[in-house]
Student: 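So that we are looking at the same thing, I have put the structure below in C-alpha cells.
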Amino acid sequence: KVEFAAGIPQEQVLAIVSLQGLVNRVKPVIYTYSPNVNYPDGTQKLYEKDGYITSVRECGDVMALLNEFSDYYDGVVVYDPAKRYTINLASNIAGAETRVILSPAMLEEFRRRVDPSVDVMDIRDLAFPDEHTAFCWYREHVFPKQDHRMLGVVKDCYMYDVIRDYLIASNSPTFWLYGENDEGAYPENLDDVVWLMEHTPVNIPVFGSWIGIEEGREVGYNEYFGTRFGSWYGKYSLPCTWVGGYSYHSGVQLADYSFRQTKVRAKKFREYDPEKKYVALVMVDSGDAPAYYVYDGLFPRQWDDPFRGQVPLSYGLALSMRHIMPGVMRHLYDTATENDYFFCAVGGLGYSYSLLGLCDSTSMPERNYHEYFRLTDANMKALDMDMIMIYTYSGYEKWSPADSLKVRNHIAAMPSLTSIVSGLHRTGYSPAEGNGFIGDRGVTVHHVMNHWSDDDDWELFRSGPAGDGPAVDHLEAELRRNAETADFITTMFYSWHYGPRRLKQLQDRMEKDGFEFVTLNEYDYLYRQSCKQENRSAATAENQQ
C-alpha cells in the first residue's frame, strides 16, 4: 500500500505508478490511494470486508519499492523535466518496453540504491525541438509496440499522473488534446490526435479525461467537445482522474462472475391506478465515470447512506465497471435492495453521444454504429440490464426524424433492451410527451423531465442551517409542475445534490398526495399497463359509437 501524501513530488508519483502498472500487469499487488479526496481508503476497506485483501503492508520508500519489485521491469526511461510533454512519451515507452519512469535526479539515486548497471532510455538524448517532433518519433518507434484496444487522454499533472498505472499496465497509447488557449498548445496537436483516432480500432475506450484543472484553471478540450470528438471516431470515454490504482482494481479476481439483479427483479409490482402519479427517480449523471465509484461519489453520497433501500431509486452504472472494478461491481449487486435498480449509464459502452455524431468520422459509420450497440447489448446482458440511458442534446431540442431513425434501427433493435431513458438535464419534451414507444419490438422511451440547477444556485443544495429543506423543496416544486400535465414523470436526481436521505424526505412529502415512487423497471411496467388500459378504453368508445 502506497499513500500519495499531499505535496508528494511528481517524479515520485511517476516512478510509483509506472512500477505499479508493470507489477499489477502480472498480479495485483501494489495498491495506491490519495488521501486528498473525501473517500481515500473506502475501496480498500470494502476489499478487506469482502475478502479480496487479506493483508496490508505500507511502504513509503520509492527506491525500496523499486528494488523489491525489480524483476518486473527491464529498465528505466528518463523524462525531461524541462519538456513536460515528455512525460506522456515516457508513459508510452514504459508500457511498451517494460520500463519504470524516473526523473534525471532519481536516476542517480536509483543507480546508487537499486542497480548501477540498469538499462537506461533517456529521452533527453533525443533532443526533440518541439512536441510535434516528439509525436512523430513516438508514432514510428513506440506506437507499433502498443496495444491499440484502449487510448488514454492524460495531462502532465497530479490529477492525471495517479491514473497512469492502468494505461501503462495495458500498454495503451497515451496523448493529450490541448485547449485552444492552453499553455503548451501547438498547431499540429489536433492533427496528431486525429491520426491516433484513425489508426486505432472503433468502439474502444478513451480512459482519462478530456478536461482537467491545473493551478486553478480549466485545461483541455472541454468535456462536451472532447467527448463529442471521441464519439465521431467511434471512441467512448471512461472519465477517471484524481484517484488511481485501476491496475489493482481491475486485477481483483471474483469467485462469481454472474451479475443478477435478484431482489429488484423478484419483488411484486403493484397494479396501475389511474388516480396515481408515478415517479421514477433516476441517477443519469456521473455513473458513467469509474472515478465516481472511488472518490467522494457513489459510496459516501448514495450507497452508504442509511436511508438507501427506503426509497425506490434507479442508478445508471458504467458497463466498464465489470472489467475495471469487478470487486466494486460485485459488492453493488450483492448489497442491492429491492428498491435499487441498475440500468446502463449514459452512452452504452461508455460516455458517448449517440445522437451527436457517434461513428460519423469512421470509415463505415452505419456499420460501426450498429456494432457499438451490439457490443453494448452483450455487456448489458452480462450485467442483467435491460434499460439504457442516452444523451440527447445540450439544448432544449427534441429528437429529429434522423435521430428517431437511428434509435429505431440501431438502439431499439438491441435484443435485450426493453426501454430507453433519454436526456440528461435538457430534453425539449413537455411532461405530456415524456413517454412513448419506438421500433417494432415495443421498446419504450422515457424522457427525463427535470433539470439540475444552474451553477449560481448550487449554494441552495449545500447542507447549511436550513438543512435538506431547500434542496427537497426545489425537486418537489419541479415534480409538482411536471405532474400537472403528466401521470408518469422520469425525474433525475443530480448525484452531487441528492442521495437517499433527501429523496426519502421527498417521497414522504408527496406520497400522501397520490404520488407513487417506483424503480424504473416497475415504472416501465406500470406505464405499459396504462397504455393497455387506454387502448382498451379507446376501443370500447369506438365500439359504442
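Index from 1, following the sequence.
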Student: Would Y138 and Q146 count as having a side-chain donor-acceptor pair, cut-off 3.5 Å?
Tutor: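 On atom types as modelled, these side chains qualify, holding a pair under 3.5 Å.
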Student: State, without any angle test, whether H148 and T200 hold a side-chain donor-acceptor pair at a distance under 3.5 Å.
Tutor: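 No pair is found: no donor N or O on one side chain lies under 3.5 Å from an acceptor on the other.
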Student: Can you find a pair of side-chain heavy atoms, one from V154 and one from N88, that are under 4.5 Å apart?
Tutor: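 The answer is yes; the side chains approach within 4.5 Å.
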Student: Is there a donor-acceptor pair under 3.5 Å between the side chain of D165 and the backbone N or O of S18?
Tutor: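 No, the answer is negative, given that no donor and acceptor are paired below the 3.5 Å cut-off.
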Student: Can R164 and D161 be counted as an ion pair, charged N to O under 4.0 angstrom?
Tutor: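 Judged by the 4.0 Å cut-off on N to carboxylate O distance, R164 and D161 do form a salt bridge.
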Student: Hydrogens and angles aside, do N450 and T491 bring a side-chain donor and acceptor to less than 3.5 Å of each other?
Tutor: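 No, no side-chain donor-acceptor contact under 3.5 Å.
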Student: Please indicate whether R441 has more than 12 foreign heavy atoms, meaning atoms of other residues, nucleotides or ligands, lying under 6.0 Å from its CZ.
Tutor: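 Count over threshold, so yes.
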Student: Over all heavy atoms of both residues, which pair between N435 and T490 is shortest? Give the atoms and the distance, please.
Tutor: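 Closest pair (atom of N435, atom of T490, distance): OD1-OG1, 4.1 Å.
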Student: If a pair satisfies salt bridge (Lys or Arg N to Asp or Glu O under 4.0 Å) and one of its residues is in residues 11-20, list it, with sequence neighbours excluded.
Tutor: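 For residues 11-20, and leaving out neighbouring residues, there are no salt bridge (Lys or Arg N to Asp or Glu O under 4.0 Å) pairs at all.
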Student: Is the closest side-chain heavy-atom distance between F175 and K155 below 4.5 Å?
Tutor: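 F175 vs K155: side chains apart.
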Student: Look at the side chain of N171 and the backbone N and O of T98, then say whether any donor-acceptor pair between them is shorter than 3.5 Å.
Tutor: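 Side chain of N171 to backbone of T98, a donor-acceptor pair under 3.5 Å: no, none is there.
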Student: Does CG in D256 sit with more than 12 non-hydrogen atoms of other residues, nucleotides or ligands closer than 6.0 Å?
Tutor: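 Above 12, so yes.
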Student: Count the heavy atoms of every other residue, nucleotide or ligand shown that sit under 6.0 Å from NZ of K381, and state whether that count exceeds 12.
Tutor: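 Open.
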Student: Does the side chain of Y372 come under 3.5 Å of the side chain of S352 through a donor N or O and an acceptor N or O?
Tutor: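 Yes, S352 and Y372 have a side-chain donor paired with an acceptor closer than 3.5 Å.
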Student: Hey, does the side chain of E68 reach the backbone of L66 with a donor-acceptor pair shorter than 3.5 angstrom?
Tutor: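 It does not hold such a pair.
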Student: Counting heavy atoms not belonging to R270, are there more than 12 under 6.0 Å from its CZ?
Tutor: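 It does: R270 CZ has more than 12 such atoms within range.
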Student: Quick one: does K235's side chain have a donor or acceptor within less than 3.5 Å of a partner on M197's backbone?
Tutor: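 Side chain of K235 to backbone of M197, a donor-acceptor pair under 3.5 Å: yes, one is there.
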Student: Taking side chain to side chain contact (heavy atoms under 4.5 Å, CB included) as the test, write out the residues that go with N222, two or more places apart.
Tutor: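 Expected list: Y224, F225.
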Student: So, S209 side chain and I211 main chain: donor-acceptor pair closer than 3.5 Å or not?
Tutor: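 Such a contact is found between S209 side chain and I211 backbone.
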Student: Checking side-chain polar atoms at under 3.5 Å, does S286 have a donor or acceptor matched by the opposite partner on S495?
Tutor: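 There is such a pair between these side chains.
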Student: Which heavy atom of L424 sits nearest to which heavy atom of D285, and what is that distance?
Tutor: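 Heavy atoms only, the tightest pair is CD1-CA, 3.9 Å.
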Student: Can you pull out every side-chain hydrogen bond (donor to acceptor under 3.5 Å, both in side chains) where at least one residue sits in residues 311-323? Sequence neighbours excluded, please.
Tutor: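 For residues 311-323: R322-N379.
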Student: Tell me every residue that passes side chain to side chain contact (heavy atoms under 4.5 Å, CB included) with K27, counting only those two or more places apart in sequence or in another chain.
Tutor: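 In terms of side chain to side chain contact (heavy atoms under 4.5 Å, CB included), with neighbours along the sequence ignored, K27 is linked to V29.
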Student: Does the pair D468/R502 count as a salt bridge with the N-to-O cut at 4.0 Å?
Tutor: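 Salt bridge: yes.
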Student: Considering only heavy atoms from C-beta outward, does the side chain of D50 approach that of R330 to under 4.5 Å?
Tutor: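 No, too far: nothing below the 4.5 Å cut-off.
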Student: Among all residues two or more places apart in sequence or in another chain, which pass the side-chain hydrogen bond (donor to acceptor under 3.5 Å, both in side chains) test with S231?
Tutor: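 Listed in chain order: nothing, the list is empty.
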Student: Would you please name every residue forming a side-chain hydrogen bond (donor to acceptor under 3.5 Å, both in side chains) with K406, sequence neighbours left out?
Tutor: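 If we apply the side-chain hydrogen bond (donor to acceptor under 3.5 Å, both in side chains) test to K406, skipping adjacent residues, there are no hits.
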Student: Can any side-chain N or O of Y31 pair as donor or acceptor with the backbone N or O of I53 at less than 3.5 Å?
Tutor: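 Here the side-chain-to-backbone pair does not exist.
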Student: Go through the structure and list residues passing ring pair (Phe, Tyr, Trp, His ring centres under 6.0 Å) with F307, not counting sequence neighbours.
Tutor: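 Here no residue qualifies.
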Student: Keeping the roles fixed (side chain from R25, backbone from I168), state whether a donor-acceptor pair exists under 3.5 Å.
Tutor: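 Yes; at least one donor-acceptor contact below 3.5 Å.
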Student: With sequence neighbours left out, write down each residue that passes side chain to side chain contact (heavy atoms under 4.5 Å, CB included) with L375, or none if nothing qualifies.
Tutor: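 For L375 the side chain to side chain contact (heavy atoms under 4.5 Å, CB included) partners, ignoring immediate neighbours, are N203, L349, E371.
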Student: Can you tell if the side chain of F207 reaches within under 4.5 Å of the side chain of Y246, non-hydrogen atoms only?
Tutor: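 With C-beta onward as the side chain, the pair touches.
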Student: Please tabulate, for side-chain N and O atoms in residues 358-366, each donor-acceptor pair with protein atoms closer than 3.5 Å (sequence neighbours left out).
Tutor:
unit_1: T362; atom_1: OG1; unit_2: C359; atom_2: O; d: 2.7
unit_1: T362; atom_1: OG1; unit_2: N368; atom_2: ND2; d: 2.9

Student: Is the closest basic N to carboxylate O distance between K267 and E522 below 4.0 Å?
Tutor: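 Yes, K267 and E522 are salt-bridged.
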Student: Do L417 and T376 come close enough that some side-chain heavy atom pair is under 4.5 Å?
Tutor: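 Result no, sub-4.5 Å side-chain heavy-atom pair not found.
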Student: Scan side-chain atoms only and decide if H446 and Y527 contain a donor-acceptor pair under the 3.5 Å cut-off.
Tutor: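 The criterion, which ignores hydrogens and geometry beyond distance, is not satisfied for Y527 and H446.
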Student: Using side chain to side chain contact (heavy atoms under 4.5 Å, CB included) as the criterion, list what pairs up with D119, not counting sequence neighbours.
Tutor: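 Residues passing side chain to side chain contact (heavy atoms under 4.5 Å, CB included) with D119: R99.
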Student: Quick one: does R528's side chain have a donor or acceptor within less than 3.5 Å of a partner on G442's backbone?
Tutor: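 Yes; at least one donor-acceptor contact below 3.5 Å.
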Student: Looking at residues at least two apart in the chain, or sitting in another chain, which of them share a side-chain hydrogen bond (donor to acceptor under 3.5 Å, both in side chains) with Y233?
Tutor: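 Testing Y233 for side-chain hydrogen bond (donor to acceptor under 3.5 Å, both in side chains), a comparison that skips the adjacent residues, returns none.
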Student: Got a salt bridge between K263 and D340, using NZ or NE/NH1/NH2 to carboxylate O under 4.0 Å?
Tutor: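 So K263 does not pair with D340 through a salt bridge.
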Student: Under 3.5 Å, is there a donor-acceptor pair between the S34 and Y295 side chains?
Tutor: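 Per modelled atom types, S34 and Y295 side chains form no pair under 3.5 Å.
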Student: Applying side-chain hydrogen bond (donor to acceptor under 3.5 Å, both in side chains), can you list everything that pairs with T32, at least two apart in sequence or on another chain?
Tutor: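 T32 satisfies side-chain hydrogen bond (donor to acceptor under 3.5 Å, both in side chains) with Q20 once adjacent residues are dropped.
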Student: Would you check if F517 and L313 make a side-chain contact, meaning some heavy-atom pair closer than 4.5 Å?
Tutor: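 With C-beta onward as the side chain, the pair stays apart.
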Student: Starting from the C-alpha separation in whole Å, work towards a yes-or-no answer on ring pair (Phe, Tyr, Trp, His ring centres under 6.0 Å) for Y498 and Y494.
Tutor: CA-CA 6 Å; Y498 295 94; Y494 187 41; 8.4 Å; no
Student: Is a salt bridge present between D305 and R301, judged by a nitrogen-to-oxygen distance below 4.0 Å?
Tutor: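 Judged by the 4.0 Å cut-off on N to carboxylate O distance, D305 and R301 do not form a salt bridge.
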Student: Which pair of heavy atoms, one from Y79 and one from I87, lies closest together, and at what distance?
Tutor: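 That closest heavy-atom pairing would be CD1-CG1, 3.8 Å.
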Student: Flag the pair N521 / Q261 as yes when at least one side-chain heavy-atom distance between them is below 4.5 Å, and no otherwise.
Tutor: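 Sidechains of Q261 and N521: no contact.
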Student: Any side-chain donor-acceptor pair under 3.5 Å between Y353 and Y351?
Tutor: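 Yes, because at least one side-chain N or O of Y353 sits under 3.5 Å from a partner of the opposite role on Y351.
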Student: Ion pair present between R228 and E223, side-chain N to carboxylate O less than 4.0 angstrom?
Tutor: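 E223 and R228: not salt-bridged.
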Student: Is any side-chain heavy atom of V62 closer than 4.5 Å to a side-chain heavy atom of I16?
Tutor: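 Side-chain contact under 4.5 Å: yes.
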Student: Test Y221 against W176 for side chain to side chain contact (heavy atoms under 4.5 Å, CB included), laying out the working first.
Tutor: CA-CA 9 Å; Y221 212 56; W176 179 247; over 6 Å; no
